[in-house]
Amino acid sequence: MRFLVDGRVSRRVGAAALAALVAWPAVAVAQDTGTGAEPEPATGTESEAPAARVACDDAPAVFDLLCTNYGLLKENYVDELVDEDLAAAAAEGVREAGLALRSAEAAPPCALPSPAFEQTCAEIDAVGDTAAAVWAASSAMFASLGDPHTFLMSPSEYLQTQAHLNTGLPYAGIGLRLGLLNGTVACSVLSETCRLVVSEVFPGSPAERAGLQPEDVLLLIAGLAPSGPGCGLQDLPAFELGSLVPVIVERNGRRRAFGVEAGAVFAPAVASRTVAGTIGYLRLGSFGAGADERVGEELETLLDSGVDSIVVDLRGNLGGYQQTVINIAGMFLDDRQVVMRDVSRLETLRHLVRGHGSLRNPVRLPTAVAVDGLSASASEVLTLALRDHGRATVVGTTTYGKNTGQYTWALESRDGILLGGARVTVVRWFGPDGTSAEGGIEPDVELDLSDCWHPIGFTRLAAAAAGLPGALPADVQMEGEPFDAVAALAEDGVLAGTECGPGLFCPGDPIPRWLAAVWLVRTVDGQDPEPISTSRFADVDAGQWWAAHVERLAELGITVGCGAEPARYCPDDPVTRAQTASFLKRAFRLDPAPPAGFVDTHGNHHAAAIDALHAAGITKGCSAEVLEFCPDRVTTRIEMALFVERARTRPS
């Protein structure tokens, strides 16, 4: 953008400009030493008279940067600024720059953005490098605001920032995204079962050209086997453009080797896939140029595949263009609904949904939005817009907490030379309900979401934790009879409220006696009992939500408790396999059976129930080699689910 260099900006940022950018948080960057403009040669001879002062319109080009930046800040910053404060900071900035003093040549006429800048000009007059002094003064004005999102950029930093938003920045690589996965379950530590699996092969990348595919299991890359903490590739060296990277993967149980030539890779900002047949996963890495169009395309693909719900992954998304996030929000919201509200010094603007991009109608499927501490700015705009309108459940950790919007200007001299860039906070924004993201947005469901998780495991957990319809516990493998048992019990409401954590079943954990009571009563009665005020068992608190289930279990004759005088139930004790047999025999009225021949149940108080369980086909024991039942071993949650499902669906 070109500006008049007269101490004022060519025009104040209006509604269209305010809608241009909700920038990601500022990060520390090293300033270039150059500003893009050379100082004009000074003329004249040394004199005791003070150097000339001129208006910005009449000043040498070397002062363009000072005048333009003063105008940008004064006219556009979200808070009222005082000239004297800016000028004092600018003067101090020149002093602290440590520039060499001017020799005999006269200082050029110094531009006064306002009368308060006389001391700034005096400091600039005193040093020999006027361009460096102007840069120091300008930088100090920005820094004095104490706003990490308002800053000055060198020419190279400005160009890099714009490229990041508009096209993304390339890196030397092969174009893979990887994640840890144990079958179909998220995992965090590499092991024989927790493996590093390809989740994305970037379109047009060297990896795609070489033939690598999603779900390939990475065994070796550049001679390095995944190992250690984190994602397992912390020791992977940087690739050089054109270098040959050997890759060995496992595909369908067979090892395959590839030679991939590293190239310039652009990581796509948007990707999607279907998980567990019914959940749509949508990853949005930034709100840069064109991201809204890509989101529309990916949503259409997911909808065409028949998904029942959607997980929007905003983890690590630092933000981007404001209009992009407004457009994406419109794909989930109705026309005229408020996406956000901008408040500047002079006005308040409401941004409304106007259309749904390439979609004919907004997506109305149950939705979860996943966030973390690096979900910032535009990510927070989308999060609040969807949550405030009741369109999404937010899962993850507290977001970054950036409640301001910035506009970025290219700073050019009057001759068209790029001097750098300026990013200025121009608004504070609020969600549809007036909520601010300041301090971060707390999720509805707190989840510690690892960056190393594969989308399959991540999506299952986020969907289950958010309670999306049809989402099953994320830590149960999606295959075999155990999964089918959990799915059937979950569908019938038997497992409701008995998760061991958000979205988790904890299949290998022992099942406590209170939980067994809940599952059995719901299965036998088909409903929850009415709350109770007192319990027959001295160790059961009637105020516990499950106390009525324990009482009902006793009424049904399924339990007499674990002790007498006083009567006790031992609600937190784990259920042994032998006790499970008696519970199931009574609950489902299993027929008596002859001894099954288990070598470890002779004389056991529950032996008859164990034999009945075996005869009904509910269990074959605990060992394939010897006919053992392991009566004293605790029953796990997945075993109980399997036993209950077998018992209730056994042939009459």
Side-chain angles (χ1 to χ4, degrees), residues 176-201 212-219 226 231-232 249-254 271-283 301-302 305-313 315 366 368 370 395-396 445 447-491 495 498-509 636-642 645:
L176 291 178
R177 196 181 297 275
L178 302 141
L180 295 175
L181 192 64
N182 177 3
T184 57
V185 172
C187 57
S188 301
V189 180
L190 279 163
S191 67
E192 290 185 3
T193 56
C194 182
R195 312 175 78 185
L196 199 56
V197 180
V198 175
S199 60
E200 284 182 49
V201 179
L212 287 160
Q213 298 177 6
E215 316 325 327
D216 284 344
V217 178
L218 184 67
L219 303 179
C231 303
V249 300
E250 180 183 303
R251 182 184 300 170
N252 299 325
R254 300 181 59 185
S272 73
R273 65 184 300 156
T274 301
V275 174
T278 60
I279 309 171
Y281 168 75
L282 178 67
R283 180 182 63 78
T301 299
L302 291 174
S305 71
V307 297
D308 297 329
S309 58
I310 292 177
V311 172
V312 180
D313 186 2
R315 293 175 301 159
V395 302
V445 180
L447 285 177
D448 187 9
L449 301 172
S450 169
D451 291 337
C452 297
W453 282 350
H454 189 282
I456 290 177
F458 161 78
T459 302
R460 291 187 63 205
L461 179 56
L468 298 186
L472 296 171
D475 53 354
V476 179
Q477 297 290 353
M478 293 192 303
E479 58 184 4
E481 189 183 5
F483 177 76
D484 294 339
V486 171
L489 293 173
E491 184 176 0
L495 308 182
T498 64
E499 303 85 358
C500 60
L504 300 176
F505 183 77
C506 300
D509 285 3
T636 64
R637 290 166 61 100
I638 195 67
E639 286 175 330
M640 180 63 85
L642 187 58
E645 182 60 16

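From a predicted model like this one, the values you see are computed outputs, not experimental measurements.
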Novice: Could you walk me through whether Arg273 and Glu215 pass the salt bridge (Lys or Arg N to Asp or Glu O under 4.0 Å) check?
Specialist: CA-CA 12 Å; Arg273 65 184 300 156; Glu215 316 325 327; 2.3 Å; yes
Novice: Identify the heavy atoms of Val445 and Ala465 that sit nearest to each other, and give their distance.
Specialist: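 For Val445 and Ala465, the tightest heavy-atom pair comes out as CG2-O, 3.6 Å.
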Novice: How close do Leu181 and Ala186 get, heavy atom to heavy atom, and via which atoms?
Specialist: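 Scanning both residues completely, I find the closest heavy atoms to be CD1-N, 4.5 Å.
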Novice: What distance separates Leu302 CG from Ile310 CD1, expressed to the nearest 0.5 Å?
Specialist: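 So the gap between those two atoms works out to 6.0 Å.
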Novice: Please round to the nearest 0.5 Å and tell me the distance separating atom CG of Leu504 and atom CG of Asp509.
Specialist: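 Here the interatomic distance stands at 10.0 Å.
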Novice: Determine whether a donor-acceptor pair (N or O, by modelled atom type, separation under 3.5 Å) exists between the side chain of Glu639 and the backbone of Thr636.
Specialist: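 Here the side-chain-to-backbone pair exists.
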Novice: Locate the shortest heavy-atom distance separating Cys500 from Arg637; write the atom from each residue and the value.
Specialist: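 Nearest heavy atoms, Cys500 then Arg637: N-NH2, 3.9 Å.
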Novice: Is a side-chain N or O of Arg195 found less than 3.5 angstrom from the main chain of Leu219, in a donor-acceptor match?
Specialist: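 No: the side chain of Arg195 does not pair with the backbone of Leu219.
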Novice: Can you list the residues that meet the side-chain hydrogen bond (donor to acceptor under 3.5 Å, both in side chains) rule with Glu200, with sequence neighbours excluded?
Specialist: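 With neighbours one apart ignored, the set is Arg177, Arg283.
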Novice: Give the minimum heavy-atom separation between Ser199 and Pro455, together with the two atoms involved.
Specialist: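 Looking at all heavy atoms of both residues, the shortest contact is CB-CD, 3.3 Å.
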Novice: Nearest heavy-atom pair of Ala641 and Val486: which atoms, and what distance?
Specialist: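 Here Ala641 and Val486 meet closest at CB-CG2, 4.3 Å.
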Novice: Could you check whether any side-chain N or O of Thr274 sits under 3.5 Å from a backbone N or O of Gly280, counting only pairs where one atom can act as donor and the other as acceptor?
Specialist: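 Here the side-chain-to-backbone pair does not exist.
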Novice: Are the side chain of Asp475 and the backbone of Cys506 linked by a donor-acceptor contact shorter than 3.5 Å?
Specialist: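 Yes, the answer is positive, given that a donor and an acceptor are paired below the 3.5 Å cut-off.
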Novice: May I ask you to decide if Ile456's main-chain N or O and Thr459's side chain share a donor-acceptor pair within less than 3.5 Å?
Specialist: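 No; judged by distance alone, with no hydrogens or angles, the pair does not exist.
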Novice: Does anything in residues 478-490 form a salt bridge (charged side-chain N to carboxylate O under 4.0 Å, His left out)? List the pairs, not counting sequence neighbours.
Specialist: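 As it turns out, the salt bridge (charged side-chain N to carboxylate O under 4.0 Å, His left out) pairs with a partner in residues 478-490, which skip direct neighbours, are Glu481-Arg646.
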Novice: Donor-acceptor pair, distance only, cut-off 3.5 Å: does the side chain of Ser191 make one with the backbone of Cys194?
Specialist: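 Yes; at least one donor-acceptor contact below 3.5 Å.
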Novice: For Ser188, give me all partners under side-chain hydrogen bond (donor to acceptor under 3.5 Å, both in side chains), at least two apart in sequence or on another chain.
Specialist: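 Once residues adjacent in sequence are excluded, the partners of Ser188 under the side-chain hydrogen bond (donor to acceptor under 3.5 Å, both in side chains) criterion are Trp453.
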Novice: Please test His454 against Leu180 for side chain to side chain contact (heavy atoms under 4.5 Å, CB included), starting from the C-alpha separation and ending with a verdict.
Specialist: CA-CA 5 Å; His454 189 282; Leu180 295 175; 6.0 Å; no
Novice: With Arg460 as the cation and Tyr281 as the aromatic partner, state whether NZ or CZ is under 6.0 Å from the six-membered ring centre and within 45° of the axis.
Specialist: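 Verdict for Tyr281: no cation-pi partner in Arg460.
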Novice: Within the side chain of Asp308, is there an N or O that forms a donor-acceptor pair under 3.5 Å with the backbone of Thr278?
Specialist: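 Judged by distance alone, no pair lies under 3.5 Å.
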